[in-house]
Trainee: 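Questions regarding the structure given below will be posed in turn.
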Amino acid sequence: MKTNKKTYIIWFVVLIVPPILVRIGVMSGNILLSEELSQLLTIITKIGLIALTIWYALKLKMKTAVSWGLGLSTLVPFMPWVSLIILLNSKVKMDDKEK
């Protein structure tokens with residue numbers, strides 16, 4: 001389960017940090033970005049966060065409805081951070097084989 005957690009954290013950082021850096025660059029005037037490209041990057045990031053959150057929640061053996069709800073909630077601002085906290089603090093259910 002540790003590898004899944006590490007994978008989740010790495011992909012979360014990969015999906016969250018670049019949009020933050022692009023915004024800082026655009027606001028400082030160092031990067032020129034068209035509106036269409038900005039929208040495309042946002043869509044790609046949102047889809048990636050939804051898929052990543054659902055995948056990791058299912059790996060934690062959460063119910064399917066909860067996993068999808070948590071994944072789709074990442075569309076709301078600041079919810080990716082809330083879902084990160086929820087998923088990293090959730091207790092993992094261990095199967096009989098893993099005990």
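Hydrogens, waters and symmetry mates are skipped; everything else that's a heavy atom, side chains included, is used.
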Trainee: Please determine whether side chain to side chain contact (heavy atoms under 4.5 Å, CB included) holds for the pair Q39 and T42, giving the CA-CA distance in whole Å, both sets of side-chain angles, and the decisive distance to 0.1 Å.
Mentor: CA-CA 5 Å; Q39 290 172 353; T42 301; 5.6 Å; no
Trainee: Which pair of non-hydrogen atoms, one from G25 and one from S28, has the smallest distance, and what is that distance?
Mentor: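 For G25 versus S28, the nearest heavy atoms are O-OG, 3.0 Å.
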Trainee: Are the side chains of K46 and T74 in contact, using a 4.5 Å heavy-atom criterion?
Mentor: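 Heavy-atom side-chain distance check fails, nothing below 4.5 Å.
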Trainee: Under 4.5 Å between side-chain heavy atoms, hopping through other hydrophobics if needed: is there a path connecting V14 to I24?
Mentor: yes
Trainee: Give a yes or no on whether L32 atom CG has more than 12 heavy-atom contacts from other residues, nucleotides or ligands under 6.0 Å away.
Mentor: no
Trainee: CG/L84 to CG/L52 distance, rounded to the nearest 0.5 angstrom?
Mentor: 9.5 Å
Trainee: Start with the C-alpha distance between L70 and I86, add both sets of side-chain angles, then the distance that settles side chain to side chain contact (heavy atoms under 4.5 Å, CB included), and finish with yes or no.
Mentor: CA-CA 9 Å; L70 199 57; I86 290 170; 4.0 Å; yes
Trainee: How long is the straight-line distance from CG of L60 back to OG of S90, given to the nearest 0.5 Å?
Mentor: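 So the gap between those two atoms works out to 4.5 Å.
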Trainee: I need the I9 CD1 to N4 CG distance, nearest 0.5 Å.
Mentor: 11.0 Å
Trainee: Distance from W81 atom CH2 to F12 atom CZ, nearest 0.5 Å?
Mentor: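 One finds 4.5 Å between CH2 of W81 and CZ of F12.
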Trainee: Working to the nearest 0.5 Å, report the span between CD1 of I47 and CG of L75.
Mentor: 9.5 Å
Trainee: Quick one: do V76 and L87 end up in the same hydrophobic cluster if we chain Ile, Leu, Val, Met, Phe, Trp and Tyr together by side-chain heavy atoms under 4.5 Å apart?
Mentor: yes
Trainee: If two hydrophobic side chains count as joined below 4.5 Å and joins carry through other members, does M27 share a cluster with I20?
Mentor: no
Trainee: Quick one: closest heavy-atom pair of V13 and P18, and the distance?
Mentor: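 Closest approach of V13 to P18: O-CD, 3.8 Å.
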Trainee: Return the OG1 to CD1 distance between T45 and I16, rounded to the nearest 0.5 Å.
Mentor: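 Answer rounded to 0.5 Å: 7.5 Å.
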Trainee: Which pair of non-hydrogen atoms, one from S67 and one from I54, has the smallest distance, and what is that distance?
Mentor: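 That closest heavy-atom pairing would be O-CG1, 3.6 Å.
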Trainee: Go through T53 and L72 one step at a time and tell me if the side chain to side chain contact (heavy atoms under 4.5 Å, CB included) criterion holds.
Mentor: CA-CA 9 Å; T53 304; L72 292 174; over 6 Å; no
Trainee: Has W55 got more than 12 heavy atoms of other residues, nucleotides or ligands less than 6.0 Å from its CH2?
Mentor: yes
Trainee: Same cluster or not: are V66 and L88 linked, directly or through other Ile, Leu, Val, Met, Phe, Trp or Tyr residues, by side-chain heavy atoms under 4.5 angstrom apart?
Mentor: yes
Trainee: Look at the rings of Y8 and Y56 and say which category their plane angle falls in: under 30° parallel, 30 to 60° tilted, over 60° perpendicular.
Mentor: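 Parallel: the ring planes of Y8 and Y56 meet at under 30°.
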Trainee: Assigning hydrophobic clusters by single linkage (Ile, Leu, Val, Met, Phe, Trp, Tyr; side-chain heavy-atom cutoff under 4.5 Å), is I44 placed with I50?
Mentor: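 Different clusters: I44 never reaches I50 through Ile, Leu, Val, Met, Phe, Trp or Tyr contacts under 4.5 Å.
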